[in-house]
Visitor: 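Sharing a structure below in structure tokens format, with a few things to ask.
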Amino acid sequence: MKEIVVISGKGGTGKTSLTASFAYLGGKDVIVADCDVDAADMHLLLEPDFEEQEDFYSGELAYIIQDQCIRCGKCLEVCRFGAIKNLFNTYQVDPLACEGCGYCARICPTNAIINKKPVAGKWFISNIKTGSIMVHAKLGIGADNSGKLVAKVKNEAKEIAEDEFKDFVIVDGSPGIGCPVVSSLSGASFVLMVTEPSVSGLHDLKRLYELIKKFGLKAGCIINKSDINQQITDEIETFLKEENILHIANLPYNEDFTKAMTVGQTIIEFSNGNLKKQITSAWEIIKNELK
Amino acid sequence: MKIAIASGKGGTGKTTLSTNLASYLSEKETVVLTDVDVEEPNSGLFIKGELVYEEDKFKMVPQWVEDKCTFCGICQKVCNFHAVIQLGKMIMVFPQLCHGCYACSELCPESALPMIPKKMGILRYYKNHQLHFTESRLDIGEEQAVPLIRQTKDYINNTFSEDAIRIYDSPPGTSCPVIEATKDTDFIILVTEPTPFGLHDLQLAVETMKELKKQFGVVINRDGIGNSNVTDYCKAENIPLLAKIPNDRRIAELYSQGKLIYKDIPEFRQELDKIIAYIKTLKINRQA
Ligand code: SF4
Ligand code: SF4
Ligand code: SF4
Ligand code: SF4
């Protein structure tokens with residue numbers, strides 16, 4: 001079983017549309033994991049049925065039992081996150097500011113503080129229209145540790161793939177270079193970077209690749225909207241060569257990305273032209289690379 | 001006046017709007033633009049200015065002092081983030097996992113875990129006439145954006161006067177970083193695209209803003225693609241729709257070159273005028 005992680009540094013490059021298209025092309029052989037848990041969009045294209053769902057608990061949240069509190073103020077003193085407030089001579093926890101470090105509960109002289117495990121989100125296992133299975137999630141507002149939810153979604157998808165002897169897990173990765181994307185990348189067999197030829201696209205690509213290098217992962221790149229700025233497309237290609245990154249395809253600007261999404265389809269279903277051909281051969285290249 | 005520009009997800013035109021709005025406004029008044037999307041700070045690619053100040057940013061993490069340690073195991077027990085681990089006769093600290101809560105350090109009976117600064121990123125401040133631009137950049141391999149966002153906001157609060165209009169280019173999403181970035185702002189502009197992805201991500205962002213009890217409005221970018229569901233949603237939910245930036249290949253091209261758009265495209269500038277007009281009414285409300 002091979003794991004392909006698709007990432008883009010920043011959104012808006014067509015990453016999700018491409019991932020969904022590959023999932024469609026791979027059909028039953030591909031288990032899908034939507035690890036862009038902050039803004040999970042894959043379900044809009046793949047028609048999941050939300051067959052199984054489960055709450056995801058993560059971290060802790062301090063809670064003060066007012067009856068037991070003697071108002072000594074020690075908790076407020078130790079909290080480094082300004083999460084404990086003194087309001088009308090009572091001590092209260094601001095749940096959005098609390099990092100769940102548990103320090104206050106440890107030093108409260110009357111054990112008035114307990115740590116609750118908050119629901120940080122939900123995750124789902126769904127049957128999707130490709131005839132396969134997708135694992136996806138919805139993160140609660142302001143929840144910490146989206147990295148953990150990403151790991152959960154990914155591991156669940158991998159287990160299913162192993163149990164059912166599937167060839168591939170394809171992961172729609174998280175944006176950024178922080179904790180969620182680190183979780184998305186760990187254990188990947190191949191990282192597909194989707195970029196676009198803009199100064200910020202190139203900038204993000206380089207930053208992202210630095211991270212991928214740290215993990216020593218094999219990577220390839222698709223340049224989307226490649227005709228928007230030929231000069232930067234050339235620069236990206238040079239960068240790929242220098243770093244020995246597999247250059248998979250250049251996709252010219254195409255409104256079909258948006259049009260397909262608007263009717264809830266993958267590009268493979270929607271488009272009949274060159275774009276479909278190019279995405280299909282990109283998928284073949286990726287599969288070949290993993291043989 | 002503190003305005004945050006945010007979106008449910010990246011790539012919707014958040015940075016385009018922040019940089020153009022800030023530059024345009026700074027033709028008439030002092031503007032403080034801050035890029036707190038510390039994982040992917042991009043505003044600086046569009047704003048040219050003179051570097052005035054640069055500073056490494058640190059977070060506090062514990063450091064083990066071997067000869068003081070009695071291996072009591074308390075530190076490992078009190079760290080909720082598994083950032084301190086005892087392995088035989090060794091205490092290991094994982095700075096990337098550390099939230100800097102000080103619990104291990106202060107509860108260590110032997111004072112064997114003093115907190116020391118560790119570099120997590122860099123802050124830079126540039127100036128271009130009336131535009132003051134600050135960005136912070138998280139080091140590769142650092143996993144936590146929130147402490148850097150927090151320190152960047154502190155820097156802004158300590159450096160600039162309250163009178164200038166402040167614009168924050170916020171990180172995308174709905175989790176901790178965006179909450180930290182938008183927490184004490186007066187108004188939030190949510191940027192989205194008129195597509196099913198755009199609508200879905202906007203709804204998440206709106207839920208977040210409601211939870212934070214924030215005043216906010218929406219700007220539609222690339223108007224003309226997709227469908228009218230975002231407009232309908234804003235109407236139904238009574239959310240002010242501040243402007244609609246047309247879908248225009250010229251905008252995409254200027255953006256790709258790292259250029260500001262309002263200077264060349266009057267239709268774009270008109271939409272900025274609408275946003276500014278709206279912001280100004282907010283100002284009056286506030287003083288009244
Ligand atoms: S430390 Fe405990 S007793 Fe003291 S103010 Fe806080 S909750 Fe109350
Ligand atoms: S758990 Fe930590 S962050 Fe939360 S209130 Fe207590 S000390 Fe503050
Ligand atoms: S709490 Fe202090 S003395 Fe105890 S094991 Fe940790 S470092 Fe050593
Ligand atoms: S400071 Fe807090 S988070 Fe960091 S290692 Fe110590 S207990 Fe863990």
Side-chain angles (χ1 to χ4, degrees), chain A residues 8-13 16 36 38-41 44 59-60 78-81 96-97 99-103 106-107 115 138-139 141-147 175-182 196-201 203-204 207 210-211 214 225 228-229 231-232 253 255 258-259 261-262 264, chain B residues 7-13 15 37-40 42 45-46 60 78-81 96 99-103 106-107 138 140-146 171-179 183 193 195-197 200-201 204-205 207-208 211-212 222 225-227 247 249 252-253 255-258:
Chain A
S8 71
K10 199 155 249 182
T13 58
T16 300
D36 194 350
D38 237 6
D41 283 334
L44 298 169
E60 292 189 341
V78 300
C79 178
R80 285 297 187 300
F81 307 99
L96 283 173
E99 296 247 345
C101 67
Y103 193 178
R106 291 184 210 289
I107 53 86
N115 294 306
K138 186 175 188 273
L139 193 67
I141 288 164
D144 189 9
N145 270 320
S146 53
I177 57 155
C179 153
V181 74
V182 169
E196 59 177 33
S198 62
V199 282
S200 52
H203 170 263
D204 291 343
R207 231 166 123 70
E210 255 185 79
L211 185 69
K214 279 204 168 186
K225 308 177 199 169
I228 284 265
N229 188 326
Q231 193 195 331
I232 296 183
Y253 182 84
E255 299 268 332
T258 316
K259 286 185 186 149
M261 173 210 303
T262 306
Chain B
S7 63
K9 132 182 241 159
T12 55
T15 298
D37 187 359
V38 299
E39 289 184 48
E40 306 277 2
N42 278 160
L45 300 169
F46 301 89
M60 299 303 282
V78 300
C79 181
N80 264 6
F81 307 105
Q96 295 92 331
H99 287 227
C101 74
Y102 282 69
E106 292 174 358
L107 295 175
L138 198 65
I140 309 272
E142 275 299 321
E143 297 187 12
Q144 286 168 48
V146 171
T174 57
S175 56
C176 327
V178 68
I179 296 208
K183 212 151 77 179
E193 290 183 351
T195 62
F197 283 11
H200 175 252
D201 300 334
L204 296 178
E207 270 179 57
T208 311
E211 177 91 19
L212 292 174
R222 299 185 66 212
I225 63 168
N227 54 32
N247 182 39
R249 202 184 150 114
E253 283 169 2
Y255 170 82
S256 78
Q257 295 156 12

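Quick note: numbers below take in every heavy atom, side chains included, and nothing from hydrogens, waters or symmetry partners. Chain letters run A, B, ... following the sequence lines, proteins first, then strands; residues in each count from 1.
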Visitor: Please classify the contact of A/Asn115 with chain B as side chain, backbone, both or neither, using a heavy-atom distance under 4.5 Å.
Guide: neither

Visitor: Could you walk me through whether A/Thr16 and B/Phe197 pass the side chain to side chain contact (heavy atoms under 4.5 Å, CB included) check?
Guide: CA-CA 10 Å; A/Thr16 300; B/Phe197 283 11; 3.7 Å; yes

Visitor: Compare all side-chain heavy atoms of B/Pro196 with those of A/Thr262 and state whether any distance is below 4.5 angstrom.
Guide: yes

Visitor: Does any heavy atom of chain B fall under 4.5 Å from the side chain of A/Lys225, the backbone, both, or neither of them?
Guide: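 For A/Lys225, there is no contact with chain B at all, as no heavy atom is under 4.5 Å.
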
Visitor: How long is the gap from CG on A/Leu211 to CD on B/Glu142, to the nearest 0.5 Å?
Guide: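 Here the interatomic distance stands at 12.0 Å.
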
Visitor: Please answer whether the main-chain N or O of A/Gly59 pairs with a side-chain N or O of B/Asn80 as donor and acceptor at a distance below 3.5 Å.
Guide: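 It does not hold such a pair.
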
Visitor: Please flag which part of A/Thr258 lies under 4.5 Å from any non-hydrogen atom of chain B: side chain, backbone, both or neither.
Guide: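 Just the side chain, heavy atoms under 4.5 Å.
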
Visitor: Could you look at A/Glu255 and say if it's the side chain, the backbone, both or neither that has a heavy atom under 4.5 Å from chain B?
Guide: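 For A/Glu255, side-chain heavy atoms alone lie under 4.5 Å from chain B.
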
Visitor: Hey, does A/Lys138 have a side-chain heavy atom less than 4.5 Å from the side chain of B/Leu204?
Guide: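 Answer yes - side chains close enough.
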
Visitor: Any heavy-atom pair between the side chains of A/Arg207 and B/Leu138 that's under 4.5 Å?
Guide: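 They are in side-chain contact.
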
Visitor: One pair to check against side chain to side chain contact (heavy atoms under 4.5 Å, CB included): A/Phe81 and B/Cys101. What are the steps and the verdict?
Guide: CA-CA 8 Å; A/Phe81 307 99; B/Cys101 74; 3.8 Å; yes

Visitor: Let me know if A/Lys214 has heavy atoms under 4.5 Å from chain B in its side chain, its backbone, both or neither.
Guide: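 Side chain only.
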
Visitor: For A/Leu44, is it the side chain, the backbone, both, or neither that has a heavy atom closer than 4.5 Å to a heavy atom of chain B?
Guide: side chain

Visitor: Using the side chain to side chain donor-acceptor pair (under 3.5 Å) rule, take A/Asn229 and B/Glu253 through it: C-alpha gap first, then chi angles, then the decisive distance, then the call.
Guide: CA-CA 7 Å; A/Asn229 188 326; B/Glu253 283 169 2; over 6 Å; no

Visitor: Is there a side-chain contact between A/Glu99 and B/Val146 (heavy atoms, below 4.5 Å)?
Guide: yes

Visitor: Looking at side-chain heavy atoms only, is the closest gap between B/Tyr255 and A/Ser200 below 4.5 Å?
Guide: yes

Visitor: Keeping the roles fixed (side chain from B/His200, backbone from A/Ala40), state whether a donor-acceptor pair exists under 3.5 Å.
Guide: yes

Visitor: Hey, what do you get for CG (A/Asp204) to CG (B/Leu45), rounding to the nearest 0.5 Å?
Guide: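 Atom-to-atom, A/Asp204:CG and B/Leu45:CG are 8.0 Å apart.
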
Visitor: Are A/Arg80 and B/Glu106 close enough for a salt bridge, meaning some N to O gap below 4.0 Å?
Guide: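 Yes, A/Arg80 and B/Glu106 are salt-bridged.
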
Visitor: Measuring from atom OH of B/Tyr102 to atom SG of A/Cys79, what distance do you get when rounded to the nearest 0.5 angstrom?
Guide: 12.5 Å

Visitor: Does any N or O in the side chain of A/Arg106 come within less than 3.5 Å of the main-chain N or O of B/Val78, such that one atom is a donor and the other an acceptor?
Guide: yes

Visitor: Is it the side chain or the backbone of B/Ala145 that comes within 4.5 Å of chain A heavy atoms, both, or neither?
Guide: neither

